[in-house]
6 protein chains.
Amino acid sequence: MHFETPSINQLIDLWLHEDIGKGDLTSIAINEKIVSANVIAKQKGVFCGGPLIRKIFQRLSELVQINFLIDEGEHFESGKVLLEINGPATALLAGERIALNLAMHLSGIATATAKLLLELEGTGVSLVDTRKTTPGLRLLEKYAVRCGGGINHRMGLDDAAMLKENHIAWGNGIGESIKVLRKSIPWTSKIIVEAETAEQAEQAVTEGADGVLLDEMPKEMLGTLIPKLRGLAAGNPNRKSRQIFIEISGINPSQIKDYAATGVDLISSSAPITQSTWLDFSMRFNNEKTN
Amino acid sequence: MHFETPSINQLIDLWLHEDIGKGDLTSIAINEKIVSANVIAKQKGVFCGGPLIRKIFQRLSELVQINFLIDEGEHFESGKVLLEINGPATALLAGERIALNLAMHLSGIATATAKLLLELEGTGVSLVDTRKTTPGLRLLEKYAVRCGGGINHRMGLDDAAMLKENHIAWGNGIGESIKVLRKSIPWTSKIIVEAETAEQAEQAVTEGADGVLLDEMPKEMLGTLIPKLRGLAAGNPNRKSRQIFIEISGINPSQIKDYAATGVDLISSSAPITQSTWLDFSMRFNNEKTN
Amino acid sequence: MHFETPSINQLIDLWLHEDIGKGDLTSIAINEKIVSANVIAKQKGVFCGGPLIRKIFQRLSELVQINFLIDEGEHFESGKVLLEINGPATALLAGERIALNLAMHLSGIATATAKLLLELEGTGVSLVDTRKTTPGLRLLEKYAVRCGGGINHRMGLDDAAMLKENHIAWGNGIGESIKVLRKSIPWTSKIIVEAETAEQAEQAVTEGADGVLLDEMPKEMLGTLIPKLRGLAAGNPNRKSRQIFIEISGINPSQIKDYAATGVDLISSSAPITQSTWLDFSMRFNNEKTN
Amino acid sequence: MHFETPSINQLIDLWLHEDIGKGDLTSIAINEKIVSANVIAKQKGVFCGGPLIRKIFQRLSELVQINFLIDEGEHFESGKVLLEINGPATALLAGERIALNLAMHLSGIATATAKLLLELEGTGVSLVDTRKTTPGLRLLEKYAVRCGGGINHRMGLDDAAMLKENHIAWGNGIGESIKVLRKSIPWTSKIIVEAETAEQAEQAVTEGADGVLLDEMPKEMLGTLIPKLRGLAAGNPNRKSRQIFIEISGINPSQIKDYAATGVDLISSSAPITQSTWLDFSMRFNNEKTN
Amino acid sequence: MHFETPSINQLIDLWLHEDIGKGDLTSIAINEKIVSANVIAKQKGVFCGGPLIRKIFQRLSELVQINFLIDEGEHFESGKVLLEINGPATALLAGERIALNLAMHLSGIATATAKLLLELEGTGVSLVDTRKTTPGLRLLEKYAVRCGGGINHRMGLDDAAMLKENHIAWGNGIGESIKVLRKSIPWTSKIIVEAETAEQAEQAVTEGADGVLLDEMPKEMLGTLIPKLRGLAAGNPNRKSRQIFIEISGINPSQIKDYAATGVDLISSSAPITQSTWLDFSMRFNNEKTN
Amino acid sequence: MHFETPSINQLIDLWLHEDIGKGDLTSIAINEKIVSANVIAKQKGVFCGGPLIRKIFQRLSELVQINFLIDEGEHFESGKVLLEINGPATALLAGERIALNLAMHLSGIATATAKLLLELEGTGVSLVDTRKTTPGLRLLEKYAVRCGGGINHRMGLDDAAMLKENHIAWGNGIGESIKVLRKSIPWTSKIIVEAETAEQAEQAVTEGADGVLLDEMPKEMLGTLIPKLRGLAAGNPNRKSRQIFIEISGINPSQIKDYAATGVDLISSSAPITQSTWLDFSMRFNNEKTN
């Protein structure tokens, strides 16, 4: 899983510090022992966050052992036992809230993504996310979108260039801007132009943009514009990938199916992250020593 | 505002690094200049996050100036201009997404809190949050709850002790656990007992707990139990604060009004944080130089 | 032990970096081998710091093994072998100074606390610490006070509110300040008022403070004031905890016994931390290979 | 300049700490005053590092003022005064070595890049760098390559996928690997295949790779292969960018001109970074007070 | 002052975080305004810590202004007004405890050092500190020793080599160890040998050690040994510095004067740091607005 | 090896983050398995960096095992297998570039140092480095100089004082400056004077400097000056170390042999670090499972 980056441990320490701070006061009242518990889903959905649950608990104690009964991205029903865990009581109590908070949040996103994707089934159109993510959780929320079946858009301002209205206005127009960027950014980085009019879109394709984002355009207009853009980019039957990526945004989720029929490659939506709510998981302890 | 802690700047750097990473590629295409913009609400709600918006932009450039047209915790209608901002174009473009993401998320929480509080109007019962918060944003999400009119529960495991079922089972019962804690935790920290039965609740009060949390108890049972607990704790007309804090949790939001009538002090709910969605704000640039 | 927080490892790295910096120059002159040593007390006292000694050495090498011959908070005589240690020579030499410095300092505090507590034996009054702690060691020095038998006051500005003279002067008086705080701070956080006069103390109790701190008041005055405050707070025979916490401060250690007789709950003193000196421990190596 | 990222200040602190550590001992011997100096080139070359020189000195004192007499990427002769600086003597002495070390290193890279680019003049072929960069200086060394006129390859393992021999062997072949990646990586990230044979290169283009890297292939072979790959990718006269990026690597710098004639888009070389040496700059103080 | 290193700000953030944590709860009760205060000494002593007081408050608010009425290292009487401060009420309240804690601790060390130095007046012998310092405060406590008139020994394991009994036993004897170190450590680093016998001391000088530390040797023995060592090292009337540094340790403070007469260069003592207690300073607010 | 400091792991995390960032995209295409590889030298030279290679890979996975076939500082021929490694494919691919980059850079420095030392063979003169090191790699590049047979000069501004022209001009002359420093810096720190004239050099020795650096002086002048300085410092046949360290700098490497004959102790040169280039190492995978 390529979200396993060197900075994940720093995030986990931040989360642990946030909850445990100067120490778990209540843990003083218990006698340390090895205990076991299950995590159970109280709603159906799509699971996401298992590797992080493992990392959080093992950061607290190397003695914690977890057995997952579900895979990342797998659908589950209410009542499903998601995992079995055992380890020192203080570690399980200290990590419970953080681990569940994260998995409940990420599974909520994965579930919302999967639901939206039902609308796109069979269309060949991909659902992509946006940079509207909770500060501090970009990498993980985008991972949750992938767990739900979506595709990630750029991860940040540094791995693709996207010329928006203001860049164009404050720079020197679409053509000149693309030229400047090609000389300055890594050749491996794509250039996308967010177009507000058909003319801008056509100019972007003609000037060599890798992708064009058509924002809040009416469905009818897209019906004409997209084939025109494809023509300008000139298809090549020998290559599987299309030569210009056409993305639309600003679509109401209820109309997503209709818009998919316009021939776009990608529909971007922030809804799986900004409009989803947490799933409900619960940790149930088995109140006897296991050791 | 007491969320202005020494670690806020570290969080902001984390958020900026997350989005900007190795550098904003697209900014190369623009000619640096001073520009201005408004942030506009596209939905009605309760505002939260202004001081953070300011800090985020000023971390990017000391030249950024912001004029807020709304206070923290203030209700606004759709279309409201929330703030006017001006500063270097690169700073505004780089900070826009992070600042709005945060404010849209926090305002969503404040709005959900305020809505739930309507149910408690005139009851004298307080709405409190829980430790179900997005990892990395505990302090800020709890601040948003306050902006919406709620009261915070403990901030973490370190500023109050809460004996739950497992602490009691793995320790030596309620009385002994309270005794151990009183000797070990700061005298300024309260001890709360989460009770699953009336007997546990009564024992908690008798043994000197500062608060008792009645989880998922039927309304009828509360009607009998709460006066009994109050009696055990013995009210004192000379003091304004009640002598035992009685909190209930596990209430369906739709029944919150009915439960408030049982005489509890506090109703805790994770819903304003876990079940809320983002409000929609938009930054509109004025496309002419202001300098 | 609830000082085992996520930030302890960061502190240990800071301490190690402070002493080892760019590397232990002298270690180049030795041939690495497994060696063993004892740590011996050269004075009697109360031991504190064992878990930190272990963490410091194990941060330097996972091969270090330590066998403690004394418990935290245990009294020992001069000459006592406190622990046996073995591990790589370079790790033992690099960690020796840091580990001993910490334990000698903390044991000095635990010992001073225990000595002061002799004055309170049988009185039922608790000795509490203050926020006068060495910068960077708050958590550990307060842990040492607990090892010596004391109780901690609030750990920082964030886990209880304490209205002092200036807060009252710059706010809107005691009653209004308490009201504002109750609406703003977590319900789990106590509110204490530092009173300089009997009137302030009475007002604090009447307005619902959780505790009142009587600073530098004459013993005779306390004899009258304390029962009055208890009366205002109205005792309740069914609850073990008293309803108002009364704390006194500014007491000369030599008079502590007399003041305890006034019926206070708590006497706070910074002396165990600010007026104590280090105990003397020594590490004695067994100069033969053990491996 | 898009290397101005949130982490630059952390790097500067690391560099300052490395040199200044526990404090500049010698500074005790001077009387603090405002002094001025010039930085002079003792060799000709291409300048790089000005913004970092400014940041390093201003991190030490806000009173430092620098006037640059040269632009980033500008050619200069030996003897050129690169900048004038004035500020507190202790700040100039403490920052001198770090600032010059960095600029001399980066200018060495920019100069070596510019020299290699002379071989490509008029060919339309771009020179790109590699991931062979000094640990800790990736962003800055790649910035120096841009200052010298080169183009950056991917900045790290996270902003483009490159299938090498081992990925192909340990995965499921070129076609399947591209398919897996398209579903998993951001749609904005390019996929490049490093081909060791003509067959692999053709397969990569046919399967939809965005770029193909031909490693250590003989010039004659490239003469045939490149047009074939272009044909497979199907040129489109309406678009300025070519449809498949063809890169070659493993070229001896002395043959770079000949290889450029094969019709490739990009020639990658680590030499400007790994085989360059530092330029020589000197800071000359004006030994009188300026304030 | 050469303790102004890049890592001081990190320490200050650590201290602030330790006290302020999730936010100063009580500050909510006050109305922000500019206030002023004095810091007054309640005991006589030697002052140390002014620059740190300034840095701590200015880290909290750039509006804080401080006027020191005393210099670092200056003696003062009880009642002395050490400084005048004004700034935002919340900043003064939040920084008060941390700033005073530090200055009270450091001034205690400076005072103890100055007192011990009275014993050495007129002897030409220097008092030096040791590596027995409070973890996290090495740099600052050693600075306090300088404020009191002492000289620092090595700052850590990395800026001088000191061969102790175990290094010699686990290496290959004094001569060989010095030879190994000379080849491995910076030529600017001194080599010191801790000698337990006269023979070891003589060998250390003969083999070229820069300094010799005579630990716990009787005064009479030193009377003979020191001239012998000086002879071996051969004095040179043209140079002011002596050719071998002779240090003694393990001296009871009460005998320090007698030992100074033996002709040593340096007497090392950990007592100013490990056996000193805090001075008492108090911040007195002027309870009216100054703005 | 005394470069094994507490901050090495932080550096390694910085390097890993720099390359891996948000995750290794390409690793998604492979099936995780245990693989093995060799690292082979493609040029002859002196090896340096083995312990760091080990640390880098083991930071990525505890399962990585490395068998070195060469020692630090050992000469090798082209084609030499430097090490055998096996471990998880993703760890080997992720660490390959960083580990090799570092070792190729450090081995380049060690090799250049060793080559320059050939000029000094049999002269008894030591080659020392300078503070001209790549920002962020001071400790490691100086370690590479030691691997090549050189001696380190001071590691930073904090472990020896060096009075240069400007310190002398802005202070109060050589004699006074040395006096001030002796009172302020640790007694274990040496004082060196950089002399531009014979008079300055003589004054430095007379006033008690530990070393004198003669910068860019003609060979003939040194022939007279050095014996004069030695005379001033007065040699002592009983001690092996000379009483004044005489260092020369600014020597063209081609003349180093001639200058060594002047009787200096040390010749300093930045060339092994600033004028060396990387050696070429290659990792060759064995493309079959080993597990």
Side-chain angles (χ1 to χ4, degrees), chain A residues 11 14-15 18-31 33 35 89 93-94 97-98 100-102 104-105 131-139 155-167 169-172 176-178 180-181 184-185 189 274-278 285 287, chain B residues 11 14-15 18-31 33 35 89 93-94 97-98 100-102 104-105 131-139 155-167 169-172 176-178 180-181 184-185 189 274-278 285 287:
Chain A
L11 275 182
L14 174 71
W15 303 335
E18 185 180 67
D19 197 27
I20 302 179
K22 296 159 187 163
D24 177 359
L25 292 181
T26 322
S27 69
I28 298 167
I30 65 169
N31 305 311
K33 63 181 91 170
V35 300
L93 288 173
R97 195 67 272 130
I98 304 160
L100 262 59
N101 284 353
L102 190 70
M104 288 158 70
H105 177 59
R131 280 170 53 243
K132 288 189 188 168
T133 57
T134 311
L137 294 181
R138 167 86 41 100
L139 218 56
M155 303 303 282
L157 295 168
D158 63 345
D159 60 358
M162 186 182 300
L163 288 161
K164 300 192 177 188
E165 186 185 10
N166 293 301
H167 294 99
W170 298 335
N172 300 297
E176 183 62 23
S177 292
I178 291 177
V180 166
L181 287 175
S184 308
I185 70 172
S189 293
T274 68
Q275 303 303 315
S276 62
T277 58
W278 296 21
F285 285 90
N287 276 327
Chain B
L11 274 181
L14 174 71
W15 303 335
E18 185 181 68
D19 197 27
I20 301 180
K22 295 159 187 163
D24 177 359
L25 292 181
T26 322
S27 70
I28 298 167
I30 66 168
N31 306 312
K33 65 180 86 170
V35 300
L93 288 173
R97 195 66 273 130
I98 303 160
L100 263 58
N101 284 353
L102 190 70
M104 289 157 68
H105 177 58
R131 281 167 54 241
K132 289 190 186 168
T133 58
T134 312
L137 294 180
R138 165 87 41 100
L139 219 54
M155 303 303 281
L157 296 168
D158 62 345
D159 60 357
M162 187 183 299
L163 289 161
K164 300 192 177 189
E165 184 185 11
N166 293 301
H167 294 99
W170 298 334
N172 299 297
E176 183 62 22
S177 292
I178 291 178
V180 167
L181 287 174
S184 308
I185 70 172
S189 294
T274 68
Q275 302 303 315
S276 62
T277 57
W278 297 20
F285 286 91
N287 277 327

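From a predicted model like this one, the values you see are computed outputs, not experimental measurements.
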If I take atom OG from residue B/Ser177 and atom CD1 from residue A/Ile28, how far apart are they, to the nearest 0.5 angstrom? 11.5 Å
The side-chain hydrogen bond (donor to acceptor under 3.5 Å, both in side chains) partners of A/Thr134 (sequence neighbours excluded) come to A/Glu141
For side-chain contact (heavy atoms from CB on, under 4.5 Å), just list the numbers for A/Leu25 and B/Leu181, CA-CA rounded to whole Å, side-chain angles, deciding distance to a tenth of an Å, and then say yes or no. CA-CA 8 Å; A/Leu25 292 181; B/Leu181 287 174; 5.5 Å; no
Between the CG atom in A/Asn166 and the OG1 atom in B/Thr26, the distance rounded to the nearest 0.5 Å is 12.0 Å
If you count heavy-atom pairs under 4.5 Å with chain A, which of B/Asp159, B/Asn31, B/Leu11 comes out on top? B/Asn31
Spacing of CG belonging to B/Leu14 relative to CG belonging to A/Leu14, to within rounding of 0.5 Å: 6.5 Å
Flag side-chain contact, heavy atom, 4.5 Å: A/Asp24 against B/Asp158: no
Please list, chain by chain and in numerical order, all residues satisfying side-chain hydrogen bond (donor to acceptor under 3.5 Å, both in side chains) with A/Thr133, sequence neighbours excluded. A/Arg138
For A/Leu137, is there any backbone N or O sitting under 3.5 Å from a side-chain donor or acceptor partner on B/Glu18? yes
Among A/Ile30, A/Val180, A/Thr277, A/Asp19, which has the most heavy-atom pairs under 4.5 Å with chain B? A/Asp19
Note: vs chain A, highest number of non-hydrogen pairs under 4.5 angstrom among B/Arg131, B/Lys164, B/His105 is B/Arg131
Below 4.5 Å from any heavy atom of chain B, which atoms of A/Leu163 appear? Answer side chain, backbone, both or neither. both
Okay, B/Leu102 and chain A: the region with an atom under 4.5 Å from a heavy atom over there is both
Checking A/Trp278 against B/Lys132 for the side-chain contact (heavy atoms from CB on, under 4.5 Å) test, could you report, in this order, the C-alpha distance in whole Å, the side-chain angles of both residues, the deciding distance, and whether it holds? CA-CA 10 Å; A/Trp278 296 21; B/Lys132 289 190 186 168; 4.2 Å; yes
Go through the atoms of B/Ser276 and report whether side chain, backbone, both or neither lie under 4.5 Å from a heavy atom of chain A. backbone
If you count heavy-atom pairs under 4.5 Å between each of B/Ala29, B/Pro135, B/Ala160, B/Gly136 and chain A, which one has the most? B/Pro135
May I ask you to name which of B/Gly171, B/Ala94, B/Gly156 has the most heavy-atom pairs under 4.5 Å with chain A? B/Gly171
